[in-house]
S.K.: 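I have a structure I would like to understand better, so I am pasting it below and will then ask my questions one at a time.
Both ligands and their constituent atoms are indexed starting at 1 by order of listing.
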Amino acid sequence: MKTITFKDRVKLYVRAGNGGNGISSFRREKFVPKGGPDGGDGGHGGSVYMMADKNTDSLLDLYYRPHQKAQHGEPGRGKKQHGKTGADLTIKVPCGTIACDFESGEWIGEVIEEGDRLLLAQGGKGGLGNCHFTSSTHQSPTEFTPGTEGEQVVLRLELKLVADVALVGYPNAGKSTLLSRLSHAHPKVAPYPFTTLNPVIGTMTFEDYKTLTVADIPGLINGAHEGVGLGYDFLRHIERTRLLVFIVDIAGVDGRHPAEDFRNIRKEIKLYRDDLAERPHIVVANKMDLDNAAEGLAEFEKETGISPLAISAEENSGVEELKLALYDFFHRREE
Ligand SMILES: Nc1nc2c(ncn2[C@@H]2O[C@H](COP(=O)(O)OP(=O)(O)OP(=O)(O)O)[C@@H](O)[C@H]2O)c(=O)[nH]1
Ligand SMILES: [Mg+2]
């Protein structure tokens, strides 16, 4: 059986708490045979929220627990006492989670930064006790109102990663190897395509303690924008990155042509979303340690007019230059 370790899209049934009913009651004391009305109000029902939490990296928990409820409010009590308010429920989700109505697809909202909170279902209102219904002509009211129902909604939550940099390229180009050089993340590396099945985020920390987050996205192939390979599902994870790093296997290990790889990947991205192709990018030529890499690089430069940053992720050469380029892009410009 395949173990699921990551989920970036889930169906969620959310139910807020009902408001408690108001009640009808009269004051009874030893020497006051007919006291006035003292029925208290019902407590409000709890609401359901989602909140961005940077320690949550997938929607997996919700996939296994798709029914989420907040507490009901309690009914009012005698002596004009309010019923207890139902506790709210706050669901932790990864930063970058979007909520939509499941049926209509209508956009409800999103939480991007740590601590952002979004109301998903409003709790019901507590009803009124009979003590509210007295008037000069109506001294012993027995009326009270029931609490209202909490909202119930069926939602689709979807995650779009929030990272500064995305590593983009064909399967096997060396994206995961590179991520493990740039950060402390340990994505799986293997000599076959589609090793990485889920996006992985690594954090780079520089000497001055400034940081950058880098996302390793599963490899793209031709037709990715139409859902070929793992493509489409993951293309949305690059929408929120500020810089794309294209990784090209410059030695053409899998028998493809590096310049063509680069053109195809850019084409897929453009077909997925036009403006993504305009996003700032750095081109990296990987596997420079291999025999035919120098030749591949010369050809690439001639064909595309681009001089990529030449590295070997495997041998960790050229990686420092790439780190510097990333630092410059994000931090030096801000100084
Ligand atoms: N010779 C050489 N091999 C490399 C280099 N970088 C990665 N590789 C090898 O290429 C293969 C694929 O590397 P990965 O890092 O898994 O590639 P990926 O782009 O993450 O692949 P997917 O997850 O399948 O998309 C592995 O066998 C790596 O050891 C490099 O600079 N030089
Ligand atoms: Mg990989």
S.K.: Closest non-hydrogen protein atom to atom 6 (N) of ligand 1, residue and atom name please, with distance?
M.R.: Asn286 ND2, 3.2 Å
S.K.: Salt bridge or not between Lys323 and Glu320? Use side-chain N to carboxylate O under 4.0 Å.
M.R.: yes
S.K.: Got a salt bridge between Lys287 and Glu314, using NZ or NE/NH1/NH2 to carboxylate O under 4.0 Å?
M.R.: no
S.K.: With Arg256 as the cation and Tyr170 as the aromatic partner, state whether NZ or CZ is under 6.0 Å from the six-membered ring centre and within 45° of the axis.
M.R.: yes
S.K.: Can you tell me which portion of Leu290 lies within the under-4.0 Å heavy-atom range of ligand 1? Options are side chain, backbone, both, or neither.
M.R.: side chain
S.K.: Backbone or side chain, does any N or O of Thr177 fall under 3.5 Å from an N or O of ligand 1?
M.R.: yes
S.K.: At what distance is the nearest protein heavy atom to atom 16 (O) of ligand 1, and which residue and atom is it?
M.R.: Ala190 N, 3.3 Å
S.K.: Answer yes or no: does an N/O atom from Gly174 fall short of 3.5 Å to an N/O atom of ligand 1?
M.R.: yes
S.K.: Identify the closest protein heavy atom to atom 29 (O) of ligand 1: which residue and atom is it, and at what distance?
M.R.: Glu314 OE1, 2.9 Å
S.K.: Between Asp8 and Lys160, is there a salt bridge with N-O shorter than 4.0 Å?
M.R.: no
S.K.: Look up atom NZ in Lys7 and atom CG in Leu157, then write down how far apart they are to the nearest 0.5 Å.
M.R.: 12.5 Å
S.K.: Could you tell me whether Glu315 and ligand 1 have an N or O pair separated by under 3.5 Å?
M.R.: no
S.K.: So, applying side-chain contact (heavy atoms from CB on, under 4.5 Å) with Val93, which one of Leu62, Leu159, Asp53, Thr56 is it?
M.R.: Leu62
S.K.: Charged N to carboxylate O under 4.0 angstrom, Glu110 versus Arg240?
M.R.: yes
S.K.: Below 2.8 Å, can you find an N, O or S atom of Ser176 next to the Mg ion (ligand 2)?
M.R.: yes
S.K.: Do Ile238 and Leu244 touch side chain to side chain, with heavy atoms closer than 4.5 Å?
M.R.: yes
S.K.: Within the structure provided, determine whether Val245 and Val168 are in side-chain contact (heavy-atom separation under 4.5 Å).
M.R.: no
S.K.: Among all protein heavy atoms, pick out the one at the shortest distance from atom 25 (O) of ligand 1; state its residue, atom name and that distance to 0.1 Å.
M.R.: Lys175 NZ, 2.9 Å
S.K.: Which protein non-hydrogen atom lies closest to atom 10 (O) of ligand 1, naming both residue and atom, and how far is it?
M.R.: Lys287 NZ, 3.4 Å
S.K.: Contact between Ala173 and ligand 1, counting heavy atoms under 4.0 Å?
M.R.: yes
S.K.: Which protein non-hydrogen atom lies closest to atom 20 (O) of ligand 1, naming both residue and atom, and how far is it?
M.R.: Ser176 OG, 2.8 Å
S.K.: Could you work out, for atom 22 (P) of ligand 1, the closest of Asp289, Asn172, Ile250 by heavy-atom distance?
M.R.: Asn172
